[in-house]
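Counting starts at 1 for both ligands and their atoms, following the listed order. Model, not experiment: these values are computed from the prediction. Count residues from 1 along the sequence. FYI, side chains are in, hydrogens and waters are out, and symmetry mates aren't considered; it's all heavy atoms of this structure.
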Amino acid sequence: MSLSSLSSIQAQLAQLAAATGRPPARLLAVSKTQPASAIAALAAQGQRAFGENYVQEAVDKIGELAGLGLEWHLIGHLQSNKADLAARHFDWVQSVDRPKLVAALARHRPPALPPLNVLIQVNIDDEDSKHGCAPEQILPLAELIAAQPRLQLRGLMAIPRPHTDPTQSLPAFQAMAAHQRALQARYPQVDTLSLGMSADFPQAVSTGATLVRVGSALFGARPPRATSA
Ligand SMILES: *Cc1c(COP(=O)(O)O)cnc(C)c1O
């Protein structure tokens, strides 16, 4: 991780915004398996939003870094038995993909905190191994989320199948942008489309992503995961 990687990604996002005529996409720094010290270093350079995959690992770091005013997004698969921890510690959960999780997050979001921001994760390439709901389930899930005052529906997230050539992700990105427009037609508060990682965030932004999730391009190669969480 270095100042130059953060500022060069911000510069690319600014250029893409100028090219598309849209506001710059938000940068979520994906910090899974990175130590709290690496997160603090990036925060000192002005990065505010961080994404984590493993609930317990994240809760430890969120506690260590409390006071820095950071915004925490859960982007990994969430087991129902960890929904209470996630609802208490995160600002956003991007991996909501089933009714049971909607109910559990709503039940456990503490009254003293603002509503939990949620994205519906879509299995856009219909991969057996992937989490996320089928596209037909977006609207039914959205209806459940919108009925929960402790949850705020913000939009959609997907992790398309990886490709060596990032332009091959464009059909999946375009399909997600169409689902996002359909969702916005019913729920005008929807403002977030989370797509794109280190290898393909420019393609995602040019297709309409408003939030990109970037790990290795910011922090360098990830350390192996040390603990189970
Ligand atoms: C790890 C991860 C990322 C970041 O991947 P990089 O290729 O390191 O940028 C983005 N999104 C999700 C869901 C991830 O698990």
More than 12 heavy atoms of other residues, nucleotides or ligands under 6.0 Å from CZ of Arg22: is that the case?
yes
For Glu71, is the CD atom crowded, meaning more than 12 foreign heavy atoms sit under 6.0 Å from it?
yes
Say whether Arg213 and Ser194, considering side chains only, have a donor N or O and an acceptor N or O under 3.5 Å apart.
yes
Lys61 side-chain N/O to Ser31 backbone N/O, donor-acceptor pair under 3.5 Å
yes
Give the residues near ligand 1 by chain and number, with the criterion being a heavy-atom distance under 4.0 Å.
Val30, Lys32, Asn53, Ile75, Ile159, Met197, Ser198, Arg213, Val214, Gly215, Ser216, Arg222
Does some side-chain heavy atom of Leu195 sit less than 4.5 Å from a side-chain heavy atom of Thr207?
no
What is the minimum heavy-atom distance between Ala25 and Leu13, and which atoms define it?
O-CD1, 3.6 Å
